[in-house]
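Since this is a predicted model, take the numbers as computed values, not measurements. Naming: A, B, ... by sequence-line order, numbering from 1 per chain.
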Amino acid sequence: MSEKVLMKGNEAIAEAAIMAGCRHYFGYPITPQTEIAAYMAKRMPQIGGCFLQAESEIAAINMVYGVSSAGYRVMTSSSSPGIALKSEGLSYLAGADLPALVVNVQRGGPGLGGIQPSQSDYFQATKAGGHGDFRMIVLAPASVQEMANLTLCGFALADQYRMTAMILADGTMGQMMEPVSFEQPPLQEVEKPWAVRGTENMRPHNIINSLYLVPEELERKNVERFARYAEIEKKEARCEEYHVEDADIIVVGFGIAARVAKSAVDAARAQGIRVGLIRPITLWPFPKEALYRAATHAKRFISVELSMGQMVEDISLAIHCKAPVDLCFRTGGMIPSPEQVLNSITDAKTKIDTERTPC
Amino acid sequence: MITTQKRISLFCGHYGSGKTNIAINYACMLRAAGLAVSVADMDIVNPYFRTSDSREMLQRAGIGLVCSPYAGSNVDLAALPKELYDLVRCRDVYAVMDVGGDERGALALGRYVPEILEEDNYAMYFVVNFARPLTRTADQAFDILREIEQAAGMRCTAIVHNTNLATQTTPQTLLHYIDALQQLRQKSGLPVAFWSAEHTLIPALADALAAHTDKALYHELFPLHLQAKITD
């Protein structure tokens, strides 16, 4: 399917998962990600795969645990409240070092919130996926093409590091339609000697488990896991940098917020304001180095979000508090307009200029 | 198109085929020809991009809008407004009905079908975009057409060729699928009512088609003035 097709973001995720060799999908419908399930329901039977509408989100994530234990590529998807339900399962996946792809097409919260787009699960995805010491790789697509590409990438990273990779999209990314082309990736068969798929009396039993009766053993597991996380932080952080080199102001945004921010950056550049954009593609690991580098010349940062400043602290930490971080946001299911972001940029410019002027 | 205009124009198809844009543009065309027209947003499936997003534009144009009171809100409820009955029963207004995607969307149409069939003054267009992943071939599109007809309880009367890649559409995008369109026409026995494309593409498309011999495939080109939906 290298020819371009017009797809919804949700469909692109589903098709890319199939290309990645995923033959097991478990889910439960929730707006605005239901097209993933609908697409899988149509496609999986055509290719000998398994689509199963589980009785709940909790059931679905535990089915993921089962298939992953057997060493096969597997995914589930949901939207914010449904991901909260899955959090116990996410923790168990981490505790058993099982790879999985989990998709969150975010809607407004807290609680039932609303069905319109949001990015307010940033904390949940990057810091609090569930109980216990663990991390998930969090990928933030900003186009339908990237929904597909990062799904392929997510499966590979999950297998490589034996952990959950999460696609953190929002309702707009899930619902919007754009042309997309699929390049069938070379399917690297990842060796999974730990998988539970029968010993054929040739080897000792494999055990998939997250319960440790000996405290020292549990501690050792946690330390091992964090050594792996450190390696990921070093190697896997990704971001897009746009007009960053000479920028006095850096706008930081991911997903749909980054698209809005990009047009605001263009508009501000047209007014002669030296502003750039850093778009995190991985939210964990956070692209700290790129931000720190920018802080050597930038005097002010702006976090553009569909949430109440959840990314601000990560930016501050990444730049070692070298510059103030402003917030430009909408919540409730709405998206900041390019004008709103442009206003934040001109405000930041005024503040920089005022601070420079001797009293 | 106006000379043979039926009172009710229904647009159905696979979701994402472009029904909503065509319905709005079609209503505008009827209004520009001096007809009293209302457009009905019957989509009870998709909570995001809908006819009701064009509320202000339609109001300015003097086109009635019938849609769920919950459209665009946070209420995810499969509800249709009572005003839809008026549109079907009061025969003094032209009606353009934007049916929801796939068979699930078309299911909601069933409630109004007896009246529509009784009046027998309708056209039901199957909108096809061959660049959509589940309608890549005539066979796939035909399956969806039949599913929609079964769910709705009525037959389509014509095909609309609206193959597009959103902002990356070129005349070639539509021309590339001329064989698929021909096959769909043969399989379904339905005529091709028109091709639709963004209005700036129409002259080049007309030029490219001038040389084509099978006039039945493209006798009308319908220009779309697309509704902006999202910030790039």
Side-chain angles (χ1 to χ4, degrees), chain A residues 1 3-12 14-15 18 29-32 34-35 38-39 42-43 46 79 107-108 112-118 142-144 148 171-182 256-257 259-264 266 332-341, chain B residues 13-21 43-50 53 70-78 100-105 127-137 139-140 143-144 147 162-170 172-174 176-177 180 226 228-232:
Chain A
M1 216 198 270
E3 209 177 344
K4 278 194 173 166
V5 286
L6 186 66
M7 281 186 131
K8 281 197 170 197
N10 285 336
E11 297 169 332
E15 186 59 38
I18 289 167
I30 179 171
T31 305
T34 302
E35 291 83 2
Y39 194 90
K42 274 224 156 90
R43 287 283 280 127
Q46 295 171 357
S79 178
R107 53 187 262 175
L112 266 179
I115 59 169
Q116 301 294 333
S118 163
S143 67
V144 174
T172 324
M173 295 308 316
Q175 295 294 328
M176 70 191 290
M177 293 178 73
E178 287 180 326
V180 50
S181 57
F182 290 88
I256 188 70
R259 291 175 67 134
V260 177
K262 204 173 203 172
S263 40
D266 288 340
M334 288 165 290
I335 300 172
S337 64
E339 296 73 33
Q340 187 188 346
V341 181
Chain B
H14 180 40
Y15 71 85
S17 57
K19 298 177 297 297
T20 299
N21 260 329
D43 193 345
I44 56 166
V45 178
N46 177 0
Y48 274 56
F49 306 122
R50 332 176 24 142
D53 293 344
Y70 308 116
S73 79
N74 270 329
V75 184
D76 198 2
L77 197 60
D102 287 349
E103 80 286 1
R104 285 167 299 156
V127 180
V128 64
N129 178 358
F130 288 111
R132 292 277 294 140
L134 299 179
T135 53
R136 300 282 287 148
T137 63
D139 284 346
Q140 290 175 339
D143 285 347
I144 286 185
E147 285 169 19
N162 186 51
T163 297
N164 73 89
L165 287 168
T167 53
Q168 292 181 26
T169 312
T170 65
Q172 197 50 41
T173 312
L174 289 108
H176 184 68
Y177 293 96
L226 296 180
K229 280 176 174 172
I230 194 158
T231 309
D232 263 312

>> Quick check: closest heavy atoms across A/K42 and B/E147, and the distance to 0.1 Å?
In response: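 Result for this residue pair: NZ-OE1, 4.0 Å.
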
>> Under 4.5 Å from any heavy atom of chain A, what part of B/N129 do you find: side chain, backbone, both or neither?
In response: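 For B/N129, the contact with chain A is made by the side chain alone.
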
>> At a 4.5 Å cut-off on heavy atoms, which part of B/F130 comes close to chain A: side chain, backbone, both, or neither?
In response: neither

>> As a quick check of understanding, evaluate side chain to side chain contact (heavy atoms under 4.5 Å, CB included) for B/R132 and A/V5, giving each step before the final call.
In response: CA-CA 6 Å; B/R132 292 277 294 140; A/V5 286; over 6 Å; no

> Are side-chain heavy atoms of A/E11 and B/Y15 found at a separation under 4.5 Å?
Replying inline: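 Yes. Closest side-chain heavy atoms under 4.5 Å.
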
>> Quick check for you: to the nearest 0.5 Å, what is the distance between B/T163 atom OG1 and A/L6 atom CG?
In response: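 CG of A/L6 is found 10.0 Å from OG1 of B/T163.
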
> Hey, mind stepping through B/L134 and A/R43 against side chain to side chain contact (heavy atoms under 4.5 Å, CB included) and telling me if it holds?
Replying inline: CA-CA 9 Å; B/L134 299 179; A/R43 287 283 280 127; 4.1 Å; yes

> Taking it one step at a time, do A/E178 and B/Q168 satisfy side chain to side chain contact (heavy atoms under 4.5 Å, CB included)?
Replying inline: CA-CA 9 Å; A/E178 287 180 326; B/Q168 292 181 26; over 6 Å; no

